Amino acid sequence: MSISGESRGRSQQMRTKAKELNEAAERSTDPEERRRLKEKARRLQEQSEQESRMDDRGMDPM
């Protein structure tokens with residue numbers, strides 16, 4: 001698999017994990033736990049979007 005393909009796969013995994021964390025936050029009855037999970041999901045989503053943008057700009061030299 002190319003570096004670009006690996007990066008896309010990693011981005012997809014981060015988006016999936018962010019979705020799972022958001023779903024867990026919605027099920028949580030503890031407000032602090034809900035906040036923590038939502039914040040972690042937000043950071044993962046931002047990181048995934050940043051990696052996607054880097055791929056789109058052609059950061060892969062291959």
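If you're wondering where the values come from, they're calculated on a predicted model, not measured in any experiment.
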Checking Glu20 now: which residues fulfil side-chain hydrogen bond (donor to acceptor under 3.5 Å, both in side chains) with it, not counting sequence neighbours? none
Separation of Arg34 CZ from Arg27 CZ (nearest 0.5 Å): 11.5 Å
With sequence neighbours left out, what residues match Arg36 under side chain to side chain contact (heavy atoms under 4.5 Å, CB included)? Glu33
Counterpart residues, side-chain hydrogen bond (donor to acceptor under 3.5 Å, both in side chains), relative to Arg35 (two or more places apart): Glu32
In Å and rounded to the nearest 0.5 Å, what is the CG to NZ distance from Leu21 to Lys38? 10.5 Å
What's the separation between atom CG in Asn22 and atom CZ in Arg42, rounded to the nearest 0.5 Å? 11.0 Å
Set of residues satisfying side-chain hydrogen bond (donor to acceptor under 3.5 Å, both in side chains) with respect to Gln50, sequence neighbours excluded: none
Contact between Arg53 and Glu49 at the side-chain level, heavy atoms closer than 4.5 Å - yes or no? yes
Please give me the minimum heavy-atom distance between Lys17 and Leu44, naming the atom from each residue. CG-CD1, 3.5 Å
Quick one, Gln45 and Arg15 - any side-chain contact, counting heavy atoms below 4.5 Å? yes
Pairing residues for Thr16 by the side-chain hydrogen bond (donor to acceptor under 3.5 Å, both in side chains) criterion, not counting sequence neighbours: Gln12
Residues at least two apart in sequence or cross-chain that pass side chain to side chain contact (heavy atoms under 4.5 Å, CB included) with Lys19, listed by chain then number, are Glu23
